[in-house]
Amino acid sequence: MPAIALARPARWLAPGLIFIALVVAVIGSLGAPLITSVATGYRVSLASAQWTLTLPLLTGAIAAPVLGRLGAGAHRRAAVLATLIVVVAGSLLTVLASTAGPAGPAGFGLLLLGRGGQGIGLGLTPLVIGIARDHLTNDRIAHDRPGLGSATSAIAQISVASTVGIGVGYPVAGWLTDLAGVRAAYLLGLALTVAALLVGWLLVPASPSGRAARLDLTGASWLAAGLLLLLLMISQNQWWRDRPVVATGGLIVALLLLAGWAARQWRQPEPLLDLRLLRQPTMLGANASMLLGGVGMYLLVTLITRFVQSPDQAGYGFGFSTFQAGLVLVPFSALGFLAGRLTPRLNQRVNPIASLAVSSIVVLLAFVLFATARSSWYLPVLAMAVLGYGVGSFSAAMPAVILPVTAAAETSAAMAANQVVRSVGFSIGSAVGGLILAANTGAGRRFPAEHGYVVAAWLGAVIMLATAALVAVTGRGGAARTDGQCLAPATNRGQH
């Protein structure tokens with residue numbers, strides 16, 4: 001029903017795209033507060049239950065470049081709707097698995113299959129950014145005609161929602177689990193994904209005419225295998241501690257696979273991800289800083305949520321319940337969305353690269369606050385709020401750096417590359433936090449020494465300082481600016 005989608009008022013498109021990005025972020029993070037409940041209900045280890053969070057990240061990273069390439073062609077609307085149908089099907093599987101109760105390996109396998117399907121939705125962000133760029137107006141038109149959405153503002157908020165949206169899902173899922181069990185949380189996920197599918201069906205327009213894109217299935221297979229092995233290796237803390245040779249060997253094989261994939265992409269006329277764009281200093285700097293910054297950002301989220309849940313017998317922490325720990329992320333999301341609204345306006349006055357550098361410093365300050373002040377419960381919460389503002393600002397500035405040096409038809413593919421880099425960075429950040437805390441856990445002890453949190457926090461501060469320096473250095477080679485016209489739809493580009 002493309003005609004219905006195109007007949008909807010333009011004012012509904014931007015909120016609809018933001019809603020879709022928010023829903024897939026919430027669903028992707030739904031496993032985090034449920035890990036303990038899943039382990040108990042399905043009688044599996046915590047390490048096995050952790051896969052209900054890791055697997056969606058894996059499938060999202062693999063789906064992003066494939067969907068990004070499809071988004072560059074004529075079938076973008078179909079790709080969005082098909083992906084949302086898969087996400088709804090995955091959500092239904094999680095409900096069926098949780099309804100069956102502790103069904104052993106078969107029930108847990110069904111749950112993992114559903115979570116994998118839900119994670120594919122994480123690859124939708126590049127597509128909805130491409131839609132916003134093509135079908136929303138530039139800043140000047142939006143100012144003159146307030147009923148229309150601004151592409152610059154919408155793209156920034158889509159990027160923010162896809163990152164800080166995790167803070168929306170944590171407390172709600174924790175509360176529902178405490179109230180009515182895991183099934184209630186997964187039922188919420190099903191309801192949200194059905195709503196996102198309905199919004200997509202009604203609002204997502206077709207691609208502009210004249211576009212075509214060929215999907216490199218062989219390249220997609222190589223990338224999927226390389227990313228799957230890479231993220232598998234860096235997410236297995238126990239392997240690095242107990243079987244370092246196996247973990248190192250697996251990491252080397254993953255890097256070789258990705259190197260072979262990159263060599264293939266360089267020779268392809270229509271690559272899955274156009275690595276030649278990295279010759280542009282701005283594009284190279286943006287993706288490198290996303291990788292490094294992603295490590296630091298997710299590292300601090302991991303540290304704070306674990307710290308506040310540590311009980312009194314650990315000698316630190318506050319013994320927060322699942323719901324209370326989820327509430328800690330509310331300031332993270334609130335300040336993140338605030339930054340998402342303020343940063344596009346700031347980028348009209350200063351270079352977006354400067355916004356990236358400043359955002360990195362804000363995240364650094366959150367690390368310093370956590371490293372030096374943890375005696376009262378509100379101090380980690382304050383650090384989480386500062387982190388949220390830094391992450392929100394960083395996420396909002398990133399598209400403003402990438403898109404001015406990207407052709408409109410390649411928007412989805414370019415943002416898909418950045419999405420993959422971000423997923424890898426987040427995974428590394430989570431793994432680094434686990435490794436440091438595991439290294440500071442004495443023999444026979446369940447909880448790490450508090451010193452481990454301090455070491456990890458200072459390492460994160462160094463990472464974010466390096467991120468700010470990287471942004472500043474690479475920014476000299478190709479400063480990007482956003483003046484409203486850069487992000488105008490292709491049809492308006494020649495008129496303004």
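Throughout, residue positions are numbered sequentially from 1 according to the sequence presented. This is a predicted model, so every value here is computed, not measured. Side chains included, hydrogens not; waters and symmetry mates left out as well; all remaining heavy atoms used.
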Gap separating the OG1 atom of Thr193 from the CD1 atom of Ile20, nearest 0.5 angstrom: 12.0 Å
Under the criterion side chain to side chain contact (heavy atoms under 4.5 Å, CB included), I'd like the reasoning laid out for Trp261 against Thr218: C-alpha separation, chi angles, the key distance, then a yes or no. CA-CA 9 Å; Trp261 167 80; Thr218 302; over 6 Å; no
Would you say that Val362 contacts Phe394 through its side chain, given a criterion of any heavy-atom pair below 4.5 Å between the two side chains? no
Sub-3.5 Å donor-acceptor pair from the side chain of Arg69 to the main-chain atoms of Ala64, do we have one? no
Evaluate side chain to side chain contact (heavy atoms under 4.5 Å, CB included) for Leu124 paired with Leu84, printing each intermediate quantity in order. CA-CA 9 Å; Leu124 277 179; Leu84 288 173; 3.6 Å; yes
Looking only at heavy atoms, which two atoms of Arg422 and Ser159 are closest? And how far apart? NH1-O, 4.0 Å
Compare all side-chain heavy atoms of Ile155 with those of Met415 and state whether any distance is below 4.5 angstrom. no
Just to verify, which of Phe307, Phe447, Trp377 counts as forming a ring pair (Phe, Tyr, Trp, His ring centres under 6.0 Å) with Tyr316? Phe307
Looking at every non-hydrogen atom in both residues, tell me the closest pair between Ser91 and Gln118 and how far apart they are. OG-NE2, 3.0 Å
Quick one: CG on Leu300 to CE on Met384, what's the gap to the nearest 0.5 Å? 6.5 Å
Between Val368 and Trp458, is any pair of side-chain heavy atoms under 4.5 Å apart? yes
Kindly indicate whether the side chain of Leu299, heavy atoms from C-beta on, has any atom under 4.5 Å from the side chain of Phe367. yes
Nearest 0.5 Å please: distance from the CG atom of Leu111 over to the CG atom of Leu93. 9.5 Å
Looking at side-chain heavy atoms only, is the closest gap between Ile129 and Leu403 below 4.5 Å? yes
With a 4.5 Å heavy-atom cut-off, do Leu437 and Tyr453 have their side chains touching? yes
From Leu192 atom CG to Leu188 atom CG, the distance as rounded to the nearest 0.5 Å: 4.5 Å
Any donor-acceptor pair under 3.5 Å from Ser333 side chain to Val330 backbone: no
Within this structure, what is the CD1-CG distance for the pair Ile402 and Asn287, rounded to the nearest 0.5 Å? 5.0 Å
Minimum heavy-atom distance Pro331-Val328, with the two atoms named: CD-O, 3.1 Å
Is there a side-chain contact between Val432 and Ile428 (heavy atoms, below 4.5 Å)? yes
May I ask you to decide if Leu122's main-chain N or O and Gln419's side chain share a donor-acceptor pair within less than 3.5 Å? yes
Kindly give the heavy-atom pair with the smallest separation between Ala180 and Ala184, and that separation in Å. CB-CB, 3.8 Å
Sub-4.5 Å side-chain heavy-atom contact between His75 and Leu70: no
Kindly say whether Phe370 contributes a backbone atom to a donor-acceptor pair with the side chain of Arg374 at under 3.5 angstrom? yes
Which heavy-atom pair separates Ala286 from Asn418 by the least distance, and what is that distance? O-ND2, 4.1 Å
Walk me through whether Leu327 and Trp175 qualify under side chain to side chain contact (heavy atoms under 4.5 Å, CB included). CA-CA 9 Å; Leu327 289 177; Trp175 175 70; over 6 Å; no
Kindly give the heavy-atom pair with the smallest separation between Ala383 and Ile304, and that separation in Å. CB-CD1, 4.0 Å
Using only atom types and a distance under 3.5 Å, with no angle test, would you say the side chain of Ser376 pairs donor to acceptor with the backbone of Leu379? no
From Thr467 OG1 over to Ile361 CD1, what is the distance, rounded to the nearest 0.5 angstrom? 9.0 Å
Given Leu190 and Val88, is the side chain to side chain contact (heavy atoms under 4.5 Å, CB included) satisfied, shown in steps? CA-CA 6 Å; Leu190 177 60; Val88 170; 4.2 Å; yes
